[in-house]
Amino acid sequence: MAIDYGSYIPSSMFGMSITYSVLTEDGAQMTLEEAILAKVKVKQVIIQTDEKVLYNRDYSVIIDGVKSMSGNIQEGPEILTYSSIYRPLYAEPPELRPILRGLMKYFSIREMYIALRNASQKAHQLQGMIIDPNNSRFKLIVERDTTYYPTQKYVVLEAALRLMNGLFMSITDQQSIEPEGSSSSSSGGDTVKLGDFEITPAKVTDTSTGSTEEMKGLLSLIGETLNTINTEHKFWQDAMMNRNKRGYTSPVTAKTRSTNGLTPADRGID
C-alpha cells in the first residue's frame with residue numbers, strides 16, 4: 001500500500017522534546033504565556049529542539065490543535081517537513097549539468113543532493129574513512145589533501161551514475177524489457193541497448209503525442225550518458241584511492257627458484 005508521506009504523522013514515540021517561544025511585532029522574544037499576559041500581538045513562533053539536530057535526517061513539525069484567542073480551532077494537522085544538512089558533500093548539483101545535460105530536468109534538487117551525499121559517503125568508505133557525520137571521529141577531506149580533487153571528480157561521476165540508474169529503472173517499469181536476441185510482438189520500434197539489456201519502447205495508441213519517438217530519444221541519450229560516465233568513473237576512483245599512480249604495481253622483491261642450479265641468464269637458446 002502506498003503511503004502519502006506528505007500527510008503521514010509518525011508515532012509520538014519518535015517525537016523530540018522542544019522549547020518554543022514567540023516573537024512579537026516590536027521584535028521582543030518571550031514565552032507564549034508572557035505574550036498573553038502582556039496582550040501583545042505575536043508575529044512569529046520560534047521552535048527549538050532540546051536535542052541536537054543530526055546530519056542527513058528528515059524532520060517533521062506537526063502543528064495540531066491550535067486555538068486562536070477568538071476561539072477558532074485548527075481544522076486539521078499541519079505538517080512541515082525539512083531536511084537537515086547533507087554531509088559529507090563534495091559537490092553541488094550544478095556540477096552535474098555537464099554530464100547529465102538534457103537529462104537534468106528529470107531530477108529534483110533533492111534527488112541530486114541525495115545522490116551527491118551518497119556518492120560522497122561511498123568515497124569515504126572506499127578510502128577507509130568514517131562515513132557517518134554524526135560520529136565524533138568523522139573528518140572531511142580538505143583541499144590540502146592529495147585525494148581532494150580526485151574525490152570531487154569521483155563524487156560527481158558516481159552521483160550521475162546513481163541518478164542515471166534510477167532513471168533507467170523508472171523507464172524499465174514502464175517499458176518492455178527483452179533479453180538480447182529475443183523478439184516480441186508488442187515491439188514499438190527500434191530497440192536501445194544498455195549493457196546487457198535491450199529496451200523496446202512499447203506501442204502507444206495515440207501516435208499524435210510522439211511518445212514512442214520521444215522515448216527512443218531518451219533511451220539513446222541515457223545510453224550515451226552512461227558510456228561517458230563509465231569512461232571516466234573507474235579512472236577517478238583509482239586516482240582517489242592512489243591506485244593509478246606511478247609505481248603502484250611495481251614489485252618490491254623478486255625471487256627465482258631452480259633445482260638444477262641454473263640462473264635466468266643461463267636459459268638461453270644455443
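- Of all non-hydrogen atoms in Ile171 and Leu219, the two that sit nearest each other are CG2-CD2, 3.6 Å.
- Residues in residues 99-113 take part in these salt bridge (charged side-chain N to carboxylate O under 4.0 Å, His left out) pairs, two or more places apart or across chains: Asp58-Arg110.
- Contact detail for Ala159 and Ala119: the closest heavy-atom pair is N-CB, 3.7 Å.
- Annotation: side chain of Glu92 is not in contact with side chain of Met112 (no heavy-atom distance under 4.5 Å).
- Separation of atoms CD1 (Ile109) and CD1 (Ile114) is listed at 11.5 Å; rounding is to 0.5 Å.
- Under a 3.5 Å cut-off, the side chain of Thr147 and the backbone N or O of Thr151 do not form any donor-acceptor pair.
- Within the structure, ring pair (Phe, Tyr, Trp, His ring centres under 6.0 Å) pairs that include any residue of residues 20-48 do not occur (at least two apart or interchain).
- Remark: Tyr113 OH to Ser83 OG distance equals 11.5 Å, nearest 0.5 Å.
- Side chain of Gln127 to main chain of Ala123: a donor-acceptor pair is present (N/O by atom type, distance under 3.5 Å, no hydrogens or angles).
- Residues Tyr55 make up the rest of the hydrophobic cluster containing Ile85, defined by ILVMFWY side-chain heavy atoms closer than 4.5 Å, directly or through other members.
- Atoms CG and CG, on Leu96 and Leu103 in that order, are 11.5 Å from each other to the nearest 0.5 Å.
- Judged purely by atom type and a 3.5 angstrom limit, Ser84 uses its side chain to pair as donor or acceptor with the backbone of Leu54.
- Using a 4.5 Å cut-off on side-chain heavy atoms (C-beta onward), Ile141 and Met129 make contact.
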Between side-chain atoms of residues 72-80 and protein atoms elsewhere (two or more places apart, or another chain), which donor-acceptor pairs fall under 3.5 Å?
residue	atom	partner	partner atom	Å
Asn72	ND2	Ser70	OG	3.3
Gln74	OE1	Val66	N	3.4
Gln74	NE2	Ile63	O	3.0
Gln74	NE2	Gly76	O	2.6

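- Between the CG atom of Asp238 and the CG atom of Leu126 there is a distance of 10.0 Å, given to the nearest 0.5 Å.
- Taking OG1 from Thr225 and CE from Met164, the interatomic distance works out to 4.5 Å, rounded to the nearest 0.5 Å.
- Considering only residues two or more places apart in sequence or on other chains, Phe138 meets the ring-ring contact (aromatic ring centres under 6.0 Å, His included) condition with His124.
- In this structure, the side chain to side chain contact (heavy atoms under 4.5 Å, CB included) partners of Arg97, at least two apart in sequence or on a different chain, are Met104.
- Residues satisfying the ring-ring contact (aromatic ring centres under 6.0 Å, His included) test with Tyr106, not counting sequence neighbours, are none.
- Here the shortest heavy-atom pairing between Phe107 and Leu163 reads CE2-O, 3.3 Å.
- Partners of Tyr149 according to the ring-ring contact (aromatic ring centres under 6.0 Å, His included) rule, which considers only residues two or more places apart in sequence or in another chain, are Trp236.
- Between the side chain of Asn56 and the backbone N or O of Arg87, at least one donor-acceptor pair lies under 3.5 Å.
- Listed by first then second residue, pairs satisfying salt bridge (charged side-chain N to carboxylate O under 4.0 Å, His left out) with a partner in residues 127-154 number zero, not counting sequence neighbours.
- In this view, Ser120 and Pro88, Tyr90, Val155 satisfy the side chain to side chain contact (heavy atoms under 4.5 Å, CB included) rule, not counting sequence neighbours.
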For a quick test of your reading: what N or O donor-acceptor pairs under 3.5 Å do the side chains of residues 36-50 make, sequence neighbours left out?
residue	atom	partner	partner atom	Å
Thr49	OG1	Glu51	O	2.9
Asp50	OD1	Thr19	OG1	2.8
Asp50	OD2	Ser17	OG	3.3

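- Note on Tyr148: it clusters hydrophobically with Leu116, by side-chain heavy-atom contacts below 4.5 Å among ILVMFWY residues.
- When all heavy atoms of Ser21 and Gln29 are compared, the closest pair comes out as OG-NE2, 2.9 Å.
- Pairs of residues two or more places apart, or lying in two chains, never qualify as salt bridge (charged side-chain N to carboxylate O under 4.0 Å, His left out) while including a residue from residues 16-37.
- Hydrophobic clustering, with ILVMFWY side chains joined whenever heavy atoms are under 4.5 angstrom apart, keeps Ile131 apart from Leu140.
- Using a 4.5 Å cut-off between side-chain heavy atoms of Ile, Leu, Val, Met, Phe, Trp and Tyr, with links allowed through other members, Val142 and Met240 fall into different hydrophobic clusters.
- Nearest approach of Gly27 to Leu23, heavy atoms of both residues: O-CD1, 3.5 Å.
- For the residue pair Asn118 and Arg162, the shortest heavy atom distance occurs at CB-NH1, 3.8 Å.
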